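The block underneath contains the structure these notes are about, expressed in structure tokens.
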There are 2 protein chains.
Amino acid sequence: DAVLSRISLCPHKAGMDSVNKNKTDEVIRSMSEGSRFYDNERRKAAQTAQRVQVMKSRAAVLSTGALQQAEAMASAFERQLETERDLSRVIVHCDADAFYAAVELRDQPHLRGKPIGIGGIGMLSTASYEARKFGVRSAMPGYIALRLCPELILVKPRFHAYEAASRQLQAVMAQYDPNFRSVSLDEAYLDITDYMARLTPGDVAQLPPLTTVADPPLVQEANSADSKPGMATDSAGARNLTTLEGRALAARVVHQMRTRMHETTQLTVSAGIACNRMLAKIGSDQNKPDGQFCLPADRAAILAFLANMPTRKIPGIGKVTEQILRELDITNCQALLQQRALLKLLFTPISFDFFMRSALGIASNNTRKRSERKSIGHETTFRELNQVPDLEDKCLHLCHKTALDMERKALLGRSVCLKLKTVDFKVKQRSVLLPAHTADEPVIKRAALGLLHREL
Amino acid sequence: DAVLSRISLCPHKAGMDSVNKNKTDEVIRSMSEGSRFYDNERRKAAQTAQRVQVMKSRAAVLSTGALQQAEAMASAFERQLETERDLSRVIVHCDADAFYAAVELRDQPHLRGKPIGIGGIGMLSTASYEARKFGVRSAMPGYIALRLCPELILVKPRFHAYEAASRQLQAVMAQYDPNFRSVSLDEAYLDITDYMARLTPGDVAQLPPLTTVADPPLVQEANSADSKPGMATDSAGARNLTTLEGRALAARVVHQMRTRMHETTQLTVSAGIACNRMLAKIGSDQNKPDGQFCLPADRAAILAFLANMPTRKIPGIGKVTEQILRELDITNCQALLQQRALLKLLFTPISFDFFMRSALGIASNNTRKRSERKSIGHETTFRELNQVPDLEDKCLHLCHKTALDMERKALLGRSVCLKLKTVDFKVKQRSVLLPAHTADEPVIKRAALGLLHREL
DNA sequence: TCGCATAAA
DNA sequence: TACTTTTATGCGA
DNA sequence: ACCCACACC
DNA sequence: TACTGGTGTGGGT
Ligand SMILES: Nc1ncnc2c1ncn2[C@H]1C[C@H](O)[C@@H](COP(=O)(O)OP(=O)(O)OP(=O)(O)O)O1
Ligand SMILES: Nc1ncnc2c1ncn2[C@H]1C[C@H](O)[C@@H](COP(=O)(O)OP(=O)(O)OP(=O)(O)O)O1
Ligand SMILES: [Mg+2]
Ligand SMILES: [Mg+2]
């Protein structure tokens, strides 16, 4: 049912083969049921159901005329989007495998071969692939994970080690694109178009051969199209990176980069190669762990790749949106395109735009670092507290940590936001705009305490 | 079903009013299900079902003649038992209320009013009455108790404190019967017949009045039978303790004793007064907590008292026997009597004897201390261990503790018994007879290790 | 005598 | 993850 | 500007 | 008893 789609594990995440989903779901449900957390999940599921209800009734009264008109507009919009399609760049998304867990297995050899989870009894950040066989996942409470996998070993996170490993990975990536965009400790986008253009024939000769690259179907296409493997320059010596040969070369480059990352960190990294960020990101998940995937720079190939792609795989579509779309009988990208008129009428322009681009495989290929951060803060969850002074203490401590970080990073803020979570997992947010930008701890503290007292 | 009767809380234990049994059972079941413990419970339930199966098929083929003959023998046996019925003694069973918990609430005043459980996350020895409202019970794992009662406070046991309290209680009881039989730290049997016979009129005058005694129905009978309350001597000045007046006087004596126990320990003790141990024991549970119950020394009253008494209340009938009897449509003592022929044919002579005596309210009234102990030992449960040396260490340590106890108590033993529990809660037992009685630690250790190695 | 099941606090 | 510890009795092989 | 819901790692 | 912490986006008001 609806709440199940919230609490059960996502069926098309990496490594779901060989996991007994029914059994796992049942364990999760039975351990969650009756808890305040579960009550809250049901509340949220009901809320989603309500949203769906509204949408469906709006859909029910749509006139044929309105739908025809929307269809025309959507069609025109798609043609417009097609003019934006850019197949010229070679975008790579790198994503380390079970990152925190892999670092721990590397640093604590006695744990190798055993299932581990990073975190504590309350919450796991991630789990080793060994543990994932049992259904253990990121964002799963440790006590449920232990029920799924009694042999699971809980390992406390060592963030400094992950940061160090991250820096090592980034050093390798910088060799291929000094302007790579890191999006988290373990993943980054690169544009290797320029790097590939600069490759000399000598460089190319040093690349690993295509036969060792781990994405057979597309590789075979590339090989069959050009019977002379490894030859990827045209008659003028300038490479056309949109051809299958060009992408095959990209695959060799990425394979070399992944090999170097593994050599320097003993960590495995998976990668996706495509002509924009979204497709590259989907690709990096395709052959996890320790695999890569290369999508040709070809509209037909892209549409074929996406046709049966579950909506949930599109970055930006999470459990809720997936559920809403499912209720509209839309579970893959093909359906997204087929229902474009309905989507145009039911969703906001921004969402419609997002759905269409996603389904067509049209997205940004900008991998330059993003400008500045927009917020900074701390939060902590604790046992039920009712005494105002206790809450004040917690609040002040978080203010202190935040102000310290702001000072260290030389940041200023203009708004102070207080987040409150009750024992039944309801979240409240209260904010004030300060008269001026500041990083002054007393100012932030006064603002936060003011917000706190406003809520008694 | 069958496993439910094993894991769910006993519905007629003290303080089951106001407990939501369905909800509680559901929580227990859902938290147990899927665990190795639960698997074992199902195994045992199946075993009981098998026993029942055999019994029922034996019952099915019984000839009318066999039943008639059994009926005759049972009837004769009952008449024989009646000749043994002894109403002359005044037997008291004292049982402290929520003993460990009460000591903790006494010694840690900040815990008063709050639900507490004595033990840890793994197992509780007992729970305060406050906690019992939520379904929390003795022998319940702490983590299930916490699910039933999130406010529950777990308190580590302090056995020395309970022993000290027990000694204080016993000091009071010794005033009434120096030969009282203590059966555990918190309970004991007394025979106050002689004490009552020695009471002077002055002593009687100092006893608390009957109106404050907490067992109204029988007290009222006593009062109504004798309109002059407090007068319990016959014309000759010798008391007939089998009369209602005699028992009313006993109730006053017991009330005084309980008051003294409360004064010296700040603990409340409940008591049952009857003419044998079994009836007194059932009585002590009747008006818990801080209550007492007096059963007249009268065959009709006893049979009336027992008629609808659930079999499970009879000391010696536990979950399994209750279940077996239930399958034979026997749930109370009346049914036990009515089915006497069947019981004679299906059970062993000892069991039949026990059932008949119990249902008739005929039992031993010997409250003298029992002779010697028959065994002494230690056990400990630990996480899964597979290495032989680790198991040897555990075993040797238990031998050490046992030998030490034997020396302290100047005991000798002739048999060494090793108990093994596997991760799936199966229990094995291996024993050897020694050539001679001993308390020698090395001898015991060698014997134990030999048994251990026999099991690899 | 041994091993197991049942019962109790 | 987390279902005790100590003592006793009865039954069947 | 504020508050909430959703998403991702 | 144990369901995170840090950051960003979009929508509704
Ligand atoms: N929900 C979360 N809460 C806190 N930390 C998280 C969460 N999800 C992931 N992390 C941390 C731990 C991960 O190792 C790290 C990278 O996340 P992510 O790439 O999604 O998974 P992963 O690298 O552990 O496995 P994989 O990428 O192989 O699926 O970020
Ligand atoms: N299953 C058990 N395991 C270990 N210790 C126990 C167990 N049951 C009881 N105890 C201990 C703790 C108790 O306080 C003490 C006396 O037991 P008992 O008289 O049956 O319950 P109680 O005194 O706690 O409550 P009450 O008598 O009011 O029902 O023995
Ligand atoms: Mg990763
Ligand atoms: Mg008691």
Side-chain angles (χ1 to χ4, degrees), chain A residues 7 32 35-38 40-41 44 47-48 95 99 119-126 138-147 150 152 154 183-187 315-321 348 350-351 370 373-381 383 415 417 425 427-433, chain B residues 7 31-32 35-38 40-41 44 47-48 95 99 119-126 138-147 150 152 154 183-187 315-321 348 350-351 373-381 383 415 417 425 427-433:
Chain A
I7 63 169
S32 305
S35 67
R36 290 195 176 115
F37 180 83
Y38 191 81
N40 189 250
E41 288 301 298
K44 292 210 239 171
Q47 188 176 270
T48 302
D95 188 321
F99 183 54
I121 220 56
M123 183 50 60
L124 301 182
S125 301
T126 195
S138 283
M140 177 179 279
Y143 60 92
I144 291 182
L146 283 165
R147 194 82 187 267
L152 185 73
L154 298 185
V183 26
S184 73
L185 284 186
D186 91 316
E187 76 195 71
I317 296 185
K319 293 167 183 225
V320 172
T321 310
T348 63
I350 290 178
S351 289
R370 281 189 303 187
R373 74 157 70 218
K374 304 206 165 137
S375 72
I376 188 169
H378 284 286
E379 66 177 279
T380 179
T381 299
R383 293 247 195 118
S415 166
C417 180
F425 292 91
V427 171
K428 264 213 248 302
Q429 200 184 300
R430 295 292 176 261
S431 68
V432 271
L433 207 58
Chain B
I7 64 168
M31 294 217 59
S32 305
S35 67
R36 291 197 176 114
F37 181 84
Y38 190 81
N40 190 249
E41 288 302 297
K44 292 210 238 169
Q47 185 177 272
T48 302
D95 188 321
F99 183 53
I121 217 62
M123 183 50 60
L124 301 182
S125 298
T126 194
S138 282
M140 176 179 281
Y143 60 93
I144 290 182
L146 283 166
R147 192 84 186 264
L152 184 74
L154 297 185
V183 27
S184 73
L185 284 186
D186 91 316
E187 75 194 73
I317 296 185
K319 294 168 182 220
V320 172
T321 310
T348 63
I350 291 179
S351 289
R373 75 158 70 217
K374 302 205 166 140
S375 71
I376 186 169
H378 284 285
E379 67 176 280
T380 179
T381 298
R383 294 249 193 116
S415 165
C417 180
F425 291 92
V427 171
K428 264 213 244 308
Q429 204 183 298
R430 295 293 174 260
S431 67
V432 271
L433 207 59

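Chain A is the first sequence line, chain B the second, and so forth, proteins listed ahead of strands; every chain is numbered from 1. As the structure is a prediction and not an experimental result, all values here were calculated from the model.
Summarising the geometry, the separation between CG on Leu433(B) and C1' on dG3(C) is reported as 14 Å, rounded to the nearest angstrom. The separation between Lys319(A) atom NZ and dA5(E) atom P is 17 Å, rounded to whole Å.
Ser415(B) comes within 4.0 angstrom of no nucleic acid atom, judged by non-hydrogen atoms across all strands. Nucleic acid contact for Thr126(B): none, since no nucleic acid atom lies under 4.0 Å from a heavy atom of the residue. Heavy atoms of Phe425(A) sit under 4.0 angstrom from primed sugar atoms or phosphate atoms, though from no base atom. Counting any heavy atom pair closer than 4.0 Å across all strands shown, Ala145(A) reaches no nucleic acid atom.
Among the nucleotides dC3(F), dC3(D), dG5(F), the one closest to any side-chain atom of Pro141(B) is dC3(D). In the set dA7(E), dA7(C), dG5(F), the nucleotide with an atom closest to the side chain of Glu379(A) is dG5(F). For Met123(A), taking side-chain heavy atoms from C-beta onward, the closest of the listed nucleotides dT1(D), dC4(C), dT4(F) is dT4(F). The Thr48(A) side chain lies nearest to dC6(E) when the options are dA7(C), dC6(E), dT4(D). With dT5(D), dA1(E), dA5(C) as the choices, the nucleotide that has an atom nearest any side-chain atom of Gln47(B) turns out to be dA5(C). In the set dG3(C), dT5(D), dT1(D), dG3(C) carries the atom at the smallest distance from any side-chain atom of Gln429(B). Closest to the side chain of Glu187(B), out of dA9(C), dT4(F), dT1(F), is dA9(C). Closest contact between the side chain of Tyr143(A) and the listed nucleotides dC9(E), dT1(D), dT7(F) involves dT1(D). Looking at the side chain of Ser431(A), the nearest of the listed nucleotides dC3(E), dC3(D), dT6(D) is dC3(E).
The shortest heavy-atom contact between Leu185(A) and Phe99(A) is CB-CE2, 3.9 Å.
Contact check, Thr380(A) against dT4(F): no side-chain N or O comes under 4.0 Å of OP1 or OP2. The side chain of Thr381(A) contributes an N or O atom lying less than 4.0 Å from OP1 or OP2 of dG5(F). Within the 4.0 Å cut-off from OP1 or OP2 of dA8(D), at least one side-chain nitrogen or oxygen of Ser375(B) is found. Taking 4.0 angstrom as the limit, His378(A) places none of its side-chain polar atoms (N or O) nearer than this to OP1 or OP2 of dG5(F). OP1 or OP2 of dC3(F) has not a single side-chain nitrogen or oxygen of Ser35(A) nearer than 4.0 Å. For Lys374(B), a side-chain nitrogen or oxygen approaches OP1 or OP2 of dT9(D) to under 4.0 Å.
Nearer to the 5' terminus of DNA chain E, by closest-nucleotide assignment, is the contact made by Lys44(A) (compared with the other of Asp186(A) and Lys44(A)). Take the nearest nucleotide of DNA chain F for Ser125(A) and for Met31(B): the residue whose nucleotide is more 5' is Met31(B). Each of Arg373(A) and Ser32(A) lies near DNA chain F, and the nucleotide nearest Ser32(A) is the one positioned closer to the 5' end.
In DNA chain F, runs of at least 3 consecutive Watson-Crick or G-U pairs, each pair with both distances below 3.5 Å, span E:1-9 with F:5-13.
Atom P of dC3(F) sits at a distance of 23 Å from the matching atom of dC8(E), rounded to the whole Å.
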Please tabulate the protein-to-nucleotide N/O contacts below 3.5 Å involving nucleotides 11-13 of chain F, giving atom names and distances.
{"from": "dG11(F)", "atom 1": "OP1", "to": "Thr348(A)", "atom 2": "OG1", "distance (Å)": "2.1"}

